[in-house]
Amino acid sequence: MGMQQKRVCKLVLDYFDIVYSRELGRHWSGAREVLTSPAIWQYAVMLNNFTSPWELEKHLLSNGYHPLFQDAVPLRKETLKCYINERPCKFRSQRHQADKLKDYYVLNASSLLPVVALDVRDGERVLDMCAAPGGKSVAILQCASTGSLHCNEPDIDRSRRLKKTLASFVPTTLLNLINLSELDGQLIGKFHSQLYHKVLVDAPCSNDRSWLFSSCNVQATTRISQRTMLPLRQTELLRSAIRALCPGGYVVYSTCTLSRAENSDVIANILNTCRDVVPVDLSDLATKLSHEFTFSPGIPHGLLVLPDEGKSWGPMFVAKLKKLGPND
Ligand SMILES: C[S@@+](CC[C@H](N)C(=O)[O-])C[C@H]1O[C@@H](n2cnc3c(N)ncnc32)[C@H](O)[C@@H]1O
């Protein structure tokens with residue numbers, strides 16, 4: 001069944017109305033309109049540089065798509081290539097074929113912001129702590145020749161999906177160099193203390209877009225009741241990520257929810273309790289991308305992409321922290 005035929009779950013919507021009117025004020029009504037209308041959702045197409053999708057690129061350009069991130073710093077635009085369309089059309093996803101890499105990945109354009117913020121450079125050791133289904137791992141590999149990439153996903157079914165994604169997009173020679181694990185991310189900091197230059201914590205979260213289409217009231221009620229537990233788990237994942245960073249390294253924390261408790265409050269809690277990290281200002285990135293994304297004003301410690309008409313991307317919260325090194 002396509003999203004067009006799915007029904008908005010009233011229970012979740014009523015709950016979001018209460019929480020998000022309070023947290024976002026008048027900005028909630030625009031986001032609400034987009035989130036509850038799958039027919040106006042836009043989709044981005046990230047190209048796979050491990051194939052040679054020149055024909056595809058020409059096709060996209062002649063069909064109303066344009067490149068995202070064209071002027072955005074610090075992205076090196078010759079690597080991460082993503083196309084978006086102002087119209088809400090969805091490019092068909094490619095099927096998995098054992099002997100052929102996929103040419104593109106269809107995604108919400110805002111999912112690439114954490115990867116852009118991470119700004120991975122050649123030779124760096126990178127950890128993708130919550131990696132399945134693998135869109136951001138694939139994007140990281142488009143950005144640079146990492147010294148090593150460790151993709152972690154504790155859920156067995158999702159880990160299988162992650163492996164399939166990587167096998168669909170990454171050549172075997174590179175695939176064999178990726179370290180895969182199925183650990184609770186909260187333990188990685190202890191096992192791999194001070195190892196990584198960059199860590200991405202794309203945390204398990206409320207996932208507003210999908211929760212609004214919960215299949216039944218039982219599922220919705222369970223999700224809402226478990227929501228209060230998420231900030232603690234997110235904080236512990238981020239704390240573990242900081243421990244796993246080498247001095248001078250960076251962590252990017254992201255979620256796909258508008259929830260303040262899961263976004264700014266998690267960062268505030270970390271800043272209040274970890275003396276060895278400082279926030280990194282992402283406002284320059286927001287300014288450069290403001291023609292493509294709507295960012296919520298007044299969000300402490302990070303950027304929040306608000307779904308908006310014609311810019312239906314998000315929700316996506318992104319924050320970046322630096323672990324202090326000997327020269328800081
Ligand atoms: C938002 S999704 C990640 C999406 C992924 N980064 C991508 O771009 O395709 C969050 C993931 O975190 C995983 N997760 C849940 N608990 C975790 C934990 N304790 N440690 C690490 N990952 C966890 C979930 O199973 C889920 O796959």
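Ligands are counted one by one from 1 in listed order, and the atoms in each one are counted from 1 as well. Note that the numbering runs from 1 along the sequence shown for the chain. In this text the structure is predicted, and so the values were computed from the model without any measurement.
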Under a 4.0 angstrom heavy-atom cut-off, which atoms of ligand 1 come close to [X]?
{"X": "Gly134", "result": "7 (C), 9 (O)"}
{"X": "Arg233", "result": "15 (C), 16 (N)"}
{"X": "Pro204", "result": "10 (C), 12 (O), 14 (N), 15 (C), 16 (N)"}
{"X": "Glu153", "result": "11 (C), 12 (O), 13 (C), 24 (C), 25 (O), 26 (C), 27 (O)"}
{"X": "Gly185", "result": "18 (C), 19 (N), 20 (N), 21 (C)"}
{"X": "Leu237", "result": "18 (C), 19 (N), 20 (N)"}

Does an N or O from [X], backbone or side chain, lie closer than 3.5 Å to an N or O of ligand 1?
{"X": "Asp128", "answer": "no"}
{"X": "Tyr105", "answer": "no"}
{"X": "Asp155", "answer": "no"}
{"X": "Asp184", "answer": "yes"}
{"X": "Pro133", "answer": "yes"}

Does the ring of [Y] carry [X] above it, NZ/CZ under 6.0 angstrom from centre and within 45° of its axis?
{"X": "Lys90", "Y": "Tyr43", "result": "yes"}
{"X": "Arg209", "Y": "Trp41", "result": "yes"}
{"X": "Lys320", "Y": "Tyr250", "result": "yes"}

If we ignore angles and hydrogens, is there a donor and acceptor under 3.5 Å between the side chains of [X] and [Y]?
{"X": "Ser283", "Y": "Asp281", "result": "yes"}
{"X": "Ser240", "Y": "Gln186", "result": "no"}
{"X": "Gln234", "Y": "Thr255", "result": "no"}

- Task: Around atom 4 (C) of ligand 1, find the nearest protein heavy atom and jot down its residue, atom name and distance.
- Result: Ala132 O, 2.9 Å
- Task: Of the side chain and backbone of Pro154, name the one, both, or neither that has a heavy atom under 4.0 Å from an atom of ligand 1.
- Result: side chain
- Quick one: which of Asp208, Asn207, Asn263 gives a side-chain hydrogen bond (donor to acceptor under 3.5 Å, both in side chains) with Thr257?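 Of Asp208, Asn207, Asn263, side-chain hydrogen bond (donor to acceptor under 3.5 Å, both in side chains) with Thr257 is met by Asp208 alone.
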- Task: Could you label the plane-to-plane angle of the His150 and His192 rings as parallel, tilted or perpendicular, counting under 30° as parallel and over 60° as perpendicular?
- Result: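 The rings of His150 and His192 stand perpendicular, inter-plane angle above 60°.
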- Is Ala203 near ligand 1, meaning one of its heavy atoms is under 4.0 Å from it?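 True for this residue.
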